[in-house]
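One structure is given here, and the rest of the page talks about it.
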Amino acid sequence: MNLRIKFNKKNEAKYISHLDLLRTFNRMIMRSMLTPSYSQGFNPHILLAFLQPSSVGMETKGDCAELTVLGTYNLDEVLCNLKENAPAGIEIVSVTEESEPPFNTLAFAEYTVRLEVDASRDEIMEFLRRDEILIEKKTKKGVKEVDIKPLMISYEVLEGIILKLTLKAGSSENLNPQLLIKAMEKYMNVTAENVQIIREKLLTENGKAF
């Protein structure tokens with residue numbers, strides 16, 4: 001039986017790494033009513049996969065994990081059981097047998113970014129409208145300078161300062177809003193303080209939410 005678990009990560013849980021999140025879910029599953037399936041080989045592990053890892057310090061809504069379990073279960077009971085075993089900051093929203101949309105169709109992520117910066121809304125919009133935004137980015141081949149502008153799908157700056165962003169996400173193309181903030185500091189010669197990043201949604205190419 002394959003389960004899709006939707007959850008939110010907030011408050012103190014936003015400070016755990018993706019590896020720690022994996023360990024947290026493993027412990028939560030082992031304490032639950034579920035009997036998980038394991039991989040084969042010399043180092044078997046629970047068959048658990050996450051849709052898109054998030055950075056340390058980022059809150060998320062509508063996060064997804066897929067878990068393979070042995071046997072069949074009442075999904076309402078599983079939901080209640082996982083909620084009881086979830087640690088502080090991990091909010092289990094739903095448990096379904098949904099396999100659509102597939103994880104490999106992830107294309108975009110929507111973010112809300114709140115920050116304090118010595119710049120006006122118009123100045124930030126002028127930066128975001130640039131034809132090219134070059135910044136050093138870590139890749140599998142090391143650190144290189146890349147143009148992140150093509151990875152920005154849409155952007156809006158609200159008074160506050162609050163950024164509403166839609167950025168490319170997935171295994172092939174992905175833009176972390178922290179990198180965009182780093183670029184803003186570089187180009188505008190400012191320092192962003194009290195940054196709060198919330199990943200609001202994960203979307204397919206046609207805009208369907210997971």
Side-chain angles (χ1 to χ4, degrees), residues 1-109 111 137-142 167-179 197-204 208-210:
M1 185 178 188
N2 295 316
L3 303 178
R4 181 168 290 191
I5 304 168
K6 186 172 287 189
F7 65 98
N8 301 329
K9 180 166 67 74
K10 56 186 182 180
N11 301 330
E12 57 266 56
K14 71 181 182 180
Y15 296 110
I16 65 176
S17 67
H18 180 65
L19 181 58
D20 285 334
L21 180 65
L22 177 62
R23 291 168 177 159
T24 297
F25 264 74
N26 281 341
R27 288 194 297 268
M28 185 173 69
I29 292 164
M30 295 307 296
R31 292 169 182 166
S32 73
M33 63 190 289
L34 300 169
T35 301
S37 294
Y38 286 81
S39 63
Q40 303 297 313
F42 293 106
N43 186 27
H45 58 271
I46 292 176
L47 293 177
L48 174 69
F50 291 88
L51 176 55
Q52 179 81 359
S54 59
S55 301
V56 174
M58 182 187 298
E59 294 188 25
T60 65
K61 299 178 181 178
D63 243 332
C64 281
E66 286 190 342
L67 171 68
T68 303
V69 296
L70 299 175
T72 58
Y73 298 87
N74 180 288
L75 296 182
D76 290 334
E77 292 179 359
V78 173
L79 175 61
C80 292
N81 193 246
L82 288 177
K83 283 184 175 182
E84 290 173 358
N85 288 283
I90 301 295
E91 181 182 42
I92 307 299
V93 177
S94 65
V95 178
T96 66
E97 289 188 83
E98 291 289 335
S99 58
E100 295 292 334
F103 276 11
N104 62 6
T105 60
L106 173 65
F108 311 119
Y111 297 91
K137 183 179 180 181
K138 288 183 179 179
T139 68
K140 294 180 180 179
K141 297 182 180 180
L167 309 177
K168 287 201 173 182
S171 57
S172 59
E173 293 184 305
N174 180 61
L175 176 58
N176 189 318
Q178 292 175 339
L179 191 63
I197 301 175
I198 303 174
R199 192 172 69 193
E200 303 281 0
K201 290 180 182 178
L202 294 167
L203 305 166
T204 64
K208 184 177 181 179
F210 284 84

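Worth saying up front: this structure is predicted, and the values here are computed from it rather than measured. Scope of the values below: all heavy atoms of this structure, side chains included, with no hydrogens, waters or symmetry mates.
Looking at Pro36 and Leu47, their side chains never come closer than 4.5 Å, going by heavy atoms from C-beta outward. Two residues are said to be in side-chain contact when any heavy atoms from C-beta on lie closer than 4.5 Å; Ser99 and Asn2 fail this criterion.
Contact detail for Ala109 and Leu202: the closest heavy-atom pair is CB-CD2, 3.8 Å. Here the closest heavy-atom approach between residue Met1 and residue Tyr73 is recorded as SD-N, 3.5 Å. Shown here for Thr204 and Ala107, the closest heavy-atom pair between the two residues is C-CB, 3.8 Å. Closest non-hydrogen pair, Thr24 versus Pro87, comes out as CG2-CG, 3.4 Å. Lys6 approaches Gly62 most closely through the heavy-atom pair CG-CA, 4.0 Å. Residues Phe103 and Ala49 come closest through the heavy atom pair CE2-O, 3.8 Å.
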Before you tell me yes or no, could you show the steps for Ile5 and Glu66 under side chain to side chain contact (heavy atoms under 4.5 Å, CB included), namely the whole-Å CA-CA distance, both residues' side-chain angles and the distance that decides it to 0.1 Å? CA-CA 6 Å; Ile5 304 168; Glu66 286 190 342; over 6 Å; no

Does the side chain to side chain contact (heavy atoms under 4.5 Å, CB included) test come out yes or no for Gln52 and Thr60, once each step is laid out? CA-CA 10 Å; Gln52 179 81 359; Thr60 65; over 6 Å; no

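A distance of 9.0 Å separates NZ of Lys83 from CD1 of Ile92, quoted to the nearest 0.5 Å. If you take CD1 on Ile29 and OG1 on Thr35, they are separated by 11.5 Å, rounding to the nearest 0.5 Å. Atoms CZ and CG, from Phe7 and Leu21 in turn, are 5.0 Å apart once rounded to the nearest 0.5 Å. Note that the OH atom of Tyr38 and the NE2 atom of His45 stand 11.0 Å from one another [nearest 0.5 Å]. Here the CG-OG1 distance, from Leu34 to Thr68, works out to 11.5 Å after rounding to the nearest 0.5 Å. To the nearest 0.5 Å, the span separating CG on Leu3 from CD on Glu97 amounts to 6.5 Å.
Proximity of a side-chain donor or acceptor of Lys61 to a complementary backbone N or O of Lys10 within less than 3.5 Å is not detected. In this structure a side-chain-to-backbone donor-acceptor pair under 3.5 Å is missing from Asn8 to Asp63. Side-chain N or O atoms of Ser55 include none that pairs as donor or acceptor with a backbone N or O of Met58 at under 3.5 Å.
Annotation: Lys137, atom NZ; neighbour count of heavy atoms from other residues, nucleotides and ligands within 6.0 Å is above 12. Taking a 6.0 Å sphere around NZ of Lys14, one finds it holds more than 12 heavy atoms contributed by other residues, nucleotides or ligands.
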